[in-house]
Amino acid sequence: MGDSAAKTFFPTPPLLAEVPRDRWPGHVAAIMDGNGRWAKQRGLPRIEGHRQGAKTVRRIVEESARLGLRQLTLYAFSHENWSRPKEEVAQLMSLYENYLIDERPTLMKDNIHFRNIGRRDGLPESVLREIDQSERASAANTGLTLCLAVNYGGRQEIVDAARRLAVEAAAGKLDPAAIDEDRFAAALYTAGLSDPDLLLRTAAEMRVSNFLLWQISYAEIYVTETLWPDFAEADLHRAIADFARRQRRFGGLENT
Ligand code: FPP
(Lines give C-alpha, C1' and ligand atoms only; values in the text may rest on other atoms or scores of the structure.)
Protein backbone atom coordinates (compact mmCIF):
# COMPACT_ATOMS: atom_id res chain seq x y z
CA MET A 1 0.00 0.00 0.00
CA GLY A 2 1.11 3.57 -0.63
CA ASP A 3 0.91 6.53 1.68
CA SER A 4 -2.70 7.18 0.60
CA ALA A 5 -4.21 5.86 3.82
CA ALA A 6 -7.95 5.25 3.64
CA LYS A 7 -10.04 7.82 5.46
CA THR A 8 -10.03 7.17 9.18
CA PHE A 9 -13.73 6.45 9.63
CA PHE A 10 -14.33 4.55 6.40
CA PRO A 11 -15.64 1.11 7.35
CA THR A 12 -14.12 -1.87 5.53
CA PRO A 13 -16.59 -3.04 2.88
CA PRO A 14 -18.15 -6.44 3.77
CA LEU A 15 -16.54 -8.22 0.79
CA LEU A 16 -13.12 -7.13 2.03
CA ALA A 17 -13.69 -7.70 5.74
CA GLU A 18 -11.81 -11.02 5.74
CA VAL A 19 -9.11 -9.94 3.31
CA PRO A 20 -5.82 -8.95 4.97
CA ARG A 21 -4.83 -5.48 3.88
CA ASP A 22 -1.36 -6.56 2.81
CA ARG A 23 -2.98 -8.87 0.23
CA TRP A 24 -4.78 -6.02 -1.54
CA PRO A 25 -3.37 -4.83 -4.86
CA GLY A 26 -1.59 -1.48 -4.73
CA HIS A 27 -2.19 -0.69 -8.38
CA VAL A 28 -5.39 -1.62 -10.24
CA ALA A 29 -5.65 -1.09 -14.00
CA ALA A 30 -8.95 -1.40 -15.87
CA ILE A 31 -10.04 -1.96 -19.45
CA MET A 32 -13.48 -0.37 -19.37
CA ASP A 33 -15.54 -2.29 -21.89
CA GLY A 34 -19.22 -2.72 -22.67
CA ASN A 35 -20.53 0.84 -22.88
CA GLY A 36 -21.92 0.21 -26.36
CA ARG A 37 -23.61 -3.04 -25.32
CA TRP A 38 -25.11 -1.38 -22.26
CA ALA A 39 -26.71 1.27 -24.51
CA LYS A 40 -27.82 -1.27 -27.12
CA GLN A 41 -29.58 -3.39 -24.49
CA ARG A 42 -31.67 -0.33 -23.67
CA GLY A 43 -32.27 0.83 -27.24
CA LEU A 44 -30.19 3.95 -26.57
CA PRO A 45 -27.49 5.62 -28.71
CA ARG A 46 -23.92 4.51 -27.91
CA ILE A 47 -23.08 7.87 -26.36
CA GLU A 48 -25.52 7.14 -23.54
CA GLY A 49 -23.42 4.08 -22.69
CA HIS A 50 -20.30 6.25 -22.60
CA ARG A 51 -22.09 8.84 -20.43
CA GLN A 52 -23.10 6.15 -17.98
CA GLY A 53 -19.52 4.81 -18.21
CA ALA A 54 -18.23 8.23 -17.18
CA LYS A 55 -20.45 8.07 -14.07
CA THR A 56 -18.89 4.70 -13.25
CA VAL A 57 -15.44 6.27 -13.63
CA ARG A 58 -16.36 8.92 -11.05
CA ARG A 59 -17.61 6.31 -8.57
CA ILE A 60 -14.68 3.91 -9.01
CA VAL A 61 -12.09 6.68 -8.72
CA GLU A 62 -13.65 7.92 -5.49
CA GLU A 63 -13.92 4.40 -4.13
CA SER A 64 -10.29 3.63 -4.99
CA ALA A 65 -9.20 6.76 -3.13
CA ARG A 66 -11.39 5.83 -0.16
CA LEU A 67 -9.95 2.31 -0.07
CA GLY A 68 -6.43 3.73 -0.04
CA LEU A 69 -5.26 2.11 -3.28
CA ARG A 70 -1.96 3.51 -4.51
CA GLN A 71 -2.84 3.77 -8.20
CA LEU A 72 -5.77 3.33 -10.58
CA THR A 73 -5.08 3.31 -14.32
CA LEU A 74 -8.05 3.55 -16.68
CA TYR A 75 -8.01 2.84 -20.43
CA ALA A 76 -10.17 5.67 -21.68
CA PHE A 77 -9.25 5.93 -25.37
CA SER A 78 -6.95 3.68 -27.34
CA HIS A 79 -4.79 4.43 -30.35
CA GLU A 80 -7.17 2.16 -32.28
CA ASN A 81 -10.31 4.00 -31.10
CA TRP A 82 -9.65 6.71 -33.73
CA SER A 83 -11.16 4.29 -36.25
CA ARG A 84 -14.62 4.78 -34.68
CA PRO A 85 -17.13 7.08 -36.39
CA LYS A 86 -16.08 10.75 -36.20
CA GLU A 87 -19.18 11.64 -34.20
CA GLU A 88 -18.48 9.03 -31.49
CA VAL A 89 -14.84 10.15 -31.23
CA ALA A 90 -15.94 13.79 -30.84
CA GLN A 91 -18.48 12.81 -28.17
CA LEU A 92 -15.84 10.85 -26.26
CA MET A 93 -13.39 13.78 -26.41
CA SER A 94 -16.04 16.08 -25.06
CA LEU A 95 -16.78 13.60 -22.24
CA TYR A 96 -13.07 13.56 -21.25
CA GLU A 97 -12.89 17.34 -21.31
CA ASN A 98 -15.97 17.70 -19.12
CA TYR A 99 -14.81 14.95 -16.80
CA LEU A 100 -11.47 16.68 -16.26
CA ILE A 101 -13.14 20.01 -15.54
CA ASP A 102 -15.95 18.67 -13.34
CA GLU A 103 -13.79 16.27 -11.31
CA ARG A 104 -10.91 18.64 -10.55
CA PRO A 105 -12.43 19.70 -7.20
CA THR A 106 -12.80 16.01 -6.28
CA LEU A 107 -9.15 15.37 -7.18
CA MET A 108 -8.17 18.12 -4.80
CA LYS A 109 -10.62 17.15 -2.05
CA ASP A 110 -9.55 13.49 -2.13
CA ASN A 111 -5.81 14.22 -2.47
CA ILE A 112 -5.68 12.45 -5.87
CA HIS A 113 -2.65 12.89 -8.10
CA PHE A 114 -3.65 12.94 -11.77
CA ARG A 115 -1.44 11.66 -14.60
CA ASN A 116 -2.22 11.18 -18.26
CA ILE A 117 -0.48 8.63 -20.47
CA GLY A 118 -0.59 8.40 -24.26
CA ARG A 119 0.41 10.40 -27.31
CA ARG A 120 -0.51 14.07 -27.29
CA ASP A 121 -0.54 14.27 -31.10
CA GLY A 122 -4.08 14.18 -32.43
CA LEU A 123 -5.84 15.12 -29.20
CA PRO A 124 -7.96 18.30 -29.36
CA GLU A 125 -6.34 21.40 -27.84
CA SER A 126 -9.24 21.72 -25.39
CA VAL A 127 -8.62 18.21 -24.00
CA LEU A 128 -4.85 18.78 -23.78
CA ARG A 129 -5.46 22.02 -21.89
CA GLU A 130 -7.61 20.27 -19.26
CA ILE A 131 -5.17 17.36 -18.96
CA ASP A 132 -2.31 19.79 -18.33
CA GLN A 133 -4.39 21.77 -15.87
CA SER A 134 -5.37 18.67 -13.86
CA GLU A 135 -1.78 17.39 -13.85
CA ARG A 136 -0.48 20.76 -12.66
CA ALA A 137 -3.18 21.31 -10.03
CA SER A 138 -2.79 17.85 -8.51
CA ALA A 139 0.99 17.46 -8.81
CA ALA A 140 1.61 17.77 -5.07
CA ASN A 141 -1.24 15.45 -4.03
CA THR A 142 0.01 12.37 -2.23
CA GLY A 143 -2.99 10.01 -2.24
CA LEU A 144 -4.26 7.80 -5.04
CA THR A 145 -2.56 8.30 -8.41
CA LEU A 146 -5.25 8.36 -11.08
CA CYS A 147 -3.71 7.59 -14.43
CA LEU A 148 -5.89 8.12 -17.48
CA ALA A 149 -4.80 6.47 -20.72
CA VAL A 150 -6.08 8.69 -23.52
CA ASN A 151 -4.81 8.19 -27.09
CA TYR A 152 -2.81 5.34 -25.62
CA GLY A 153 -1.38 2.22 -27.28
CA GLY A 154 1.08 -0.20 -25.70
CA ARG A 155 2.98 -0.86 -28.93
CA GLN A 156 3.13 2.85 -29.71
CA GLU A 157 4.48 3.51 -26.21
CA ILE A 158 7.25 0.94 -26.71
CA VAL A 159 8.12 2.38 -30.13
CA ASP A 160 8.22 5.92 -28.70
CA ALA A 161 10.51 4.77 -25.88
CA ALA A 162 12.83 2.96 -28.31
CA ARG A 163 12.99 6.04 -30.51
CA ARG A 164 13.74 8.29 -27.56
CA LEU A 165 16.62 6.05 -26.42
CA ALA A 166 17.93 5.76 -29.99
CA VAL A 167 18.02 9.55 -30.33
CA GLU A 168 19.99 9.82 -27.07
CA ALA A 169 22.39 7.09 -28.20
CA ALA A 170 22.88 8.68 -31.63
CA ALA A 171 23.69 11.99 -29.91
CA GLY A 172 26.34 10.24 -27.85
CA LYS A 173 24.45 10.84 -24.60
CA LEU A 174 23.61 7.20 -23.93
CA ASP A 175 25.75 4.08 -24.17
CA PRO A 176 23.58 1.36 -25.82
CA ALA A 177 25.18 -1.15 -23.43
CA ALA A 178 23.63 0.80 -20.54
CA ILE A 179 20.06 0.11 -21.74
CA ASP A 180 18.52 -2.35 -19.30
CA GLU A 181 14.92 -2.90 -18.10
CA ASP A 182 15.03 0.02 -15.68
CA ARG A 183 16.43 2.42 -18.28
CA PHE A 184 13.81 1.29 -20.78
CA ALA A 185 10.96 1.59 -18.28
CA ALA A 186 12.12 5.13 -17.52
CA ALA A 187 11.60 6.03 -21.20
CA LEU A 188 7.97 4.83 -21.20
CA TYR A 189 4.99 7.16 -20.65
CA THR A 190 4.59 5.50 -17.24
CA ALA A 191 8.06 6.53 -16.00
CA GLY A 192 8.05 6.74 -12.22
CA LEU A 193 4.77 4.83 -11.84
CA SER A 194 4.37 1.29 -10.56
CA ASP A 195 3.31 -1.69 -12.69
CA PRO A 196 -0.30 -2.86 -12.22
CA ASP A 197 -0.83 -5.69 -9.75
CA LEU A 198 -4.36 -6.35 -10.97
CA LEU A 199 -5.68 -5.87 -14.50
CA LEU A 200 -9.44 -5.99 -14.69
CA ARG A 201 -11.59 -6.07 -17.77
CA THR A 202 -15.33 -5.72 -17.94
CA ALA A 203 -17.83 -7.14 -20.48
CA ALA A 204 -16.24 -10.61 -20.56
CA GLU A 205 -13.67 -10.01 -23.30
CA MET A 206 -10.49 -12.08 -22.87
CA ARG A 207 -8.06 -9.65 -24.50
CA VAL A 208 -5.47 -7.10 -23.41
CA SER A 209 -6.13 -4.85 -26.43
CA ASN A 210 -2.76 -3.09 -26.62
CA PHE A 211 -3.00 -1.89 -22.99
CA LEU A 212 0.18 -1.47 -20.90
CA LEU A 213 1.93 -4.30 -22.74
CA TRP A 214 5.25 -3.79 -20.95
CA GLN A 215 3.76 -3.05 -17.54
CA ILE A 216 1.33 -5.99 -17.21
CA SER A 217 4.03 -8.66 -17.49
CA TYR A 218 3.15 -10.04 -14.05
CA ALA A 219 -0.29 -8.54 -13.45
CA GLU A 220 -3.08 -10.83 -12.29
CA ILE A 221 -5.98 -10.70 -14.75
CA TYR A 222 -9.61 -10.54 -13.64
CA VAL A 223 -12.43 -10.60 -16.18
CA THR A 224 -16.05 -9.97 -15.29
CA GLU A 225 -19.20 -10.22 -17.40
CA THR A 226 -20.48 -6.98 -15.87
CA LEU A 227 -20.60 -4.15 -18.41
CA TRP A 228 -18.58 -1.07 -17.41
CA PRO A 229 -21.63 1.21 -16.89
CA ASP A 230 -22.98 -1.37 -14.40
CA PHE A 231 -19.64 -1.89 -12.63
CA ALA A 232 -20.24 -0.97 -9.00
CA GLU A 233 -18.08 -0.44 -5.93
CA ALA A 234 -18.92 -4.00 -4.81
CA ASP A 235 -17.54 -5.32 -8.14
CA LEU A 236 -14.24 -3.59 -7.37
CA HIS A 237 -14.24 -5.15 -3.88
CA ARG A 238 -14.93 -8.57 -5.44
CA ALA A 239 -12.00 -8.17 -7.84
CA ILE A 240 -9.70 -7.15 -4.97
CA ALA A 241 -10.82 -10.13 -2.87
CA ASP A 242 -10.23 -12.47 -5.83
CA PHE A 243 -6.74 -10.99 -6.33
CA ALA A 244 -5.94 -11.55 -2.66
CA ARG A 245 -6.49 -15.29 -3.10
CA ARG A 246 -3.97 -15.58 -5.96
CA GLN A 247 -0.48 -16.99 -5.46
CA ARG A 248 1.92 -14.70 -7.29
CA ARG A 249 5.20 -16.38 -8.08
CA PHE A 250 6.78 -14.00 -10.61
CA GLY A 251 8.27 -16.98 -12.44
CA GLY A 252 9.72 -18.47 -9.26
CA LEU A 253 8.36 -21.19 -7.01
CA GLU A 254 5.79 -20.86 -4.23
CA ASN A 255 7.25 -19.44 -0.98
CA THR A 256 10.65 -18.74 -2.47
C1 FPP B 1 -15.41 0.61 -24.48
O2 FPP B 1 -16.77 0.43 -24.67
C3 FPP B 1 -15.16 1.92 -23.93
C4 FPP B 1 -14.45 2.91 -24.55
C5 FPP B 1 -13.86 2.79 -25.88
C6 FPP B 1 -14.23 4.20 -23.94
C7 FPP B 1 -14.19 4.26 -22.45
C8 FPP B 1 -14.90 5.47 -22.04
C9 FPP B 1 -15.62 5.63 -20.93
C10 FPP B 1 -15.71 4.63 -19.88
C11 FPP B 1 -16.43 6.85 -20.74
C12 FPP B 1 -15.80 8.06 -20.24
C13 FPP B 1 -14.48 7.98 -19.59
C14 FPP B 1 -13.95 8.96 -18.87
C15 FPP B 1 -12.59 8.85 -18.34
C16 FPP B 1 -14.69 10.18 -18.54
P17 FPP B 1 -17.29 0.05 -26.11
O18 FPP B 1 -17.85 1.28 -26.72
O19 FPP B 1 -16.20 -0.60 -26.91
O20 FPP B 1 -18.40 -0.98 -25.75
P21 FPP B 1 -18.91 -2.20 -26.64
O22 FPP B 1 -17.75 -3.14 -26.83
O23 FPP B 1 -20.00 -2.78 -25.82
O24 FPP B 1 -19.40 -1.60 -27.94
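Whatever order the structure lists them in is the order used to number ligands and atoms, beginning at 1.
- The residues R120 and E125 are annotated as not salt-bridged, no charged nitrogen and carboxylate oxygen being separated by less than 4.0 angstrom.
- Ranking the protein heavy atoms by distance from atom 19 (O) of ligand 1 puts R84 NH2, 2.8 Å first.
- Within the 4.0 Å heavy-atom cutoff, A203 does not count among the residues contacting ligand 1.
- Ligand 1 does not have R51 within reach: every non-hydrogen atom of the residue lies 4.0 Å or more from it.
- The side-chain contact (heavy atoms from CB on, under 4.5 Å) with F114 is formed by just one residue from the set V61, N141, L146, L144; it is L146.
- The pair D102-R58 counts as a salt bridge, with a side-chain nitrogen and a carboxylate oxygen less than 4.0 angstrom apart.
- Taking only nitrogen or oxygen atoms, main chain and side chain alike, G53 does not reach within less than 3.5 Å of ligand 1.
- The pair R42-E48 does not meet the salt-bridge criterion, since no charged nitrogen lies less than 4.0 angstrom from a carboxylate oxygen.
- In this model, no donor atom of one side chain and acceptor atom of the other lie less than 3.5 Å apart for W214 and D195.
- If you check which protein heavy atom lies closest to atom 24 (O) of ligand 1, you get R46 NH1, 3.1 Å.
- The closest approach between L74 and ligand 1 stays at or above 4.0 Å for every heavy atom of the residue.
- Counting heavy atoms only, A76 comes closest to atom 6 (C) of ligand 1 of the residues A39, G34, A76.
- If you check which protein heavy atom lies closest to atom 20 (O) of ligand 1, you get G36 N, 3.0 Å.
- Side-chain contact between Y152 and Y75: present, with at least one pair of heavy atoms (C-beta onward) separated by less than 4.5 Å.
- Scanning all protein heavy atoms for the shortest distance to atom 11 (C) of ligand 1 gives H50 O, 3.4 Å.
- Below 4.0 Å from some heavy atom of N81 lie the following atoms of ligand 1, by number and element: 5 (C).
- Proximity of K40 to ligand 1 is not established, as no heavy-atom distance is less than 4.0 Å.
- A salt bridge links D242 with R246: at least one charged nitrogen is closer than 4.0 Å to a carboxylate oxygen.
- Judged purely by distance below 3.5 Å, without hydrogens or angles, the side chains of Q71 and H113 never pair a donor atom with an acceptor atom.
- At a 3.5 angstrom cut-off on N or O pairs, Y75 does not count as close to ligand 1.
- Among R155, H79, E80, the one residue that satisfies the side chain to side chain donor-acceptor pair (under 3.5 Å) test with N210 is E80.
- Note on R104 versus E130: salt bridge recorded, some NZ/NE/NH1/NH2 to OD/OE distance being below 4.0 Å.
- Among all protein heavy atoms, the one lying closest to atom 13 (C) of ligand 1 is Y96 CE2, 3.6 Å.
- Scanning the protein for heavy atoms near atom 9 (C) of ligand 1, the closest one is N35 ND2, 3.4 Å.
- When only interatomic distances are considered, the shortest N/O to N/O separation between D33 and ligand 1 falls below 3.5 Å.
- A salt bridge between D180 and R183 is absent, with no side-chain N of the basic residue lying under 4.0 Å from a carboxylate O of the acidic one.
- Closest to atom 22 (O) of ligand 1 among all protein heavy atoms lies R37 NH2, 2.9 Å.
- Scanning the protein for heavy atoms near atom 1 (C) of ligand 1, the closest one is M32 O, 3.2 Å.
- Counting the atoms of ligand 1 from 1 in the order shown, those under 4.0 Å from a heavy atom of W228 are 10 (C).
- Counting heavy atoms under 4.0 Å from ligand 1, residue W38 does not touch it at all.
- Here D132 does not pair with R129 in a salt bridge; the nearest charged N to carboxylate O distance is not below 4.0 Å.
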